[in-house]
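Reading through the structure tokens given below for one structure.
Note that the numbering runs from 1 along the sequence shown for the chain. Just the heavy atoms: all of them, side chains too, but no hydrogens, waters or symmetry mates, feed the values below. These figures come from a predicted structure and were not determined experimentally.
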Amino acid sequence: NSIFKTTNKGENWNFVSELPAANPGYYMGDIQFVNYHTGFLVGFVAYGAPVWNDYSRSLKTTNGGYNWFTIPNSYGNKFNDVHFINESTGYIAGNKSTLLKTTDTGNNWQVLSHNSSTNFSFIKVSFINEQLGWLIYNDDAYSSTGSGIKKTINGGQDWSEQIHFGSEKLSSLFVYD
């Protein structure tokens with residue numbers, strides 16, 4: 001669980017740091033930097049096998065990835081994706097239909113969605129401005145009802161189904177304006 005970075009468009013990569021939660025049970029989900037110094041990483045710590053007892057982790061750096069500190073949270077599920085629209089506004093997507101939003105560079109997070117009794121996982125979230133965004137989800141139950149794409153036009157407060165797929169699982173989302 002090491003962090004490397006490049007400053008020459010991928011020609012060379014330099015070791016930056018080990019994550020504070022670096023242990024065999026820590027899994028990194030996604031990383032995004034909002035500027036040269038400030039970045040966020042989300043993932044989860046799994047205890048035991050099978051991986052049913054997941055504990056979400058979100059980390060933040062303010063010095064280019066050299067040091068990371070844990071952002072406190074109380075969710076017992078996996079974080080899959082982090083996406084920032086600008087330096088202050090960002091989202092975290094996770095299992096159990098979890099969607100969190102910050103408007104102060106990750107100092108505080110508002111719960112937009114969370115349902116501990118559902119099998120739906122929000123896999124990826126992406127916005128093209130502060131109001132218009134999409135997310136993809138999968139049903140992780142054994143009797144899966146499929147996956148789909150949802151859209152918001154009000155900054156994540158409300159979401160509408162755009163398309164529903166059968167038993168296919170979605171894994172990536174990219175939107176471009």
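Criterion: ILVMFWY side-chain heavy atoms under 4.5 Å apart, direct or through other members. Under it, V111 and F79 are part of a common hydrophobic cluster. No continuous path of hydrophobic side-chain contacts links V42 to V125 [ILVMFWY only; heavy atoms under 4.5 Å]. Tracing side-chain contacts under 4.5 Å through hydrophobic residues (I, L, V, M, F, W, Y), one reaches I149 starting from V175; they form part of the same cluster. Clustering ILVMFWY residues whenever any of their side-chain heavy atoms sit less than 4.5 angstrom apart, transitively, puts L173 in a cluster other than the one holding I85.
The environment of CD1 in I153 is sparse: at most 12 heavy-atom neighbours from other residues, nucleotides or ligands sit within 6.0 Å. The local environment of OH in Y36 is sparse, with at most 12 non-hydrogen atoms from other residues, nucleotides or ligands closer than 6.0 Å.
Put simply, the side chain of W134 does not reach to within 4.5 Å of the side chain of I136, judged on heavy atoms. Looking only at side-chain heavy atoms (C-beta outward), Q157 and T152 stay at 4.5 Å or farther from each other. The side-chain heavy atoms of W68 and I3, taken from C-beta on, include a pair separated by under 4.5 Å. Using a 4.5 Å cut-off on side-chain heavy atoms (C-beta onward), Y91 and L135 make no contact.
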Assess the residue pair W159 and L99 against the criterion (side-chain contact (heavy atoms from CB on, under 4.5 Å)); give the C-alpha distance rounded to whole Å, side-chain angles, the decisive distance to 0.1 Å, and a yes or no.
CA-CA 11 Å; W159 294 85; L99 187 65; 3.5 Å; yes
Audit row: H83, D30, side-chain contact (heavy atoms from CB on, under 4.5 Å) steps and yes/no
CA-CA 9 Å; H83 175 77; D30 191 33; over 6 Å; no
List the steps and the verdict of side-chain hydrogen bond (donor to acceptor under 3.5 Å, both in side chains) for S160 and D158.
CA-CA 7 Å; S160 60; D158 300 295; over 6 Å; no
Begin from the C-alpha positions of T103 and S88 and carry the test side-chain contact (heavy atoms from CB on, under 4.5 Å) through to its verdict.
CA-CA 5 Å; T103 56; S88 59; 5.7 Å; no
Working note: V82 + L41, criterion side-chain contact (heavy atoms from CB on, under 4.5 Å); need CA distance, chi angles, decisive distance, verdict.
CA-CA 7 Å; V82 59; L41 186 143; over 6 Å; no
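Listed here is the closest heavy atom pair of T61 and N67: OG1-O, 2.8 Å. Heavy-atom minimum distance, L132 versus K151: CD1-CE, 3.4 Å. When every heavy atom of I92 is checked against every heavy atom of S58, the shortest pair comes out as CD1-CB, 4.1 Å. Pairing each heavy atom of G148 with each of L170, the nearest pair is O-CD1, 3.5 Å.
Remark: side-chain polar atoms of S121 are not paired, donor with acceptor, to backbone N or O of I123 under 3.5 angstrom.
How far CG of N138 is from NZ of K169: 5.0 Å, rounded to the nearest 0.5 Å. Rounding to the nearest 0.5 Å gives a distance of 12.0 Å between CG of D81 and CZ of F122. A distance of 14.5 Å separates CG of D139 from CZ of F165, quoted to the nearest 0.5 Å.
With no hydrogens or angles considered, no side-chain donor-acceptor pair links N107 and T105 at under 3.5 Å. Y137 and H164 are linked by a side-chain donor-acceptor pair at a separation below 3.5 angstrom, with hydrogens and angles left out of the test. For the 3.5 Å distance criterion, the side chains of H114 and T98 qualify, holding a donor opposite an acceptor. N115 and S113 share no side-chain donor-acceptor pair at under 3.5 Å.
Using a 30° and 60° split on the angle between ring planes, F84 and F40 fall in the parallel class, below 30°.
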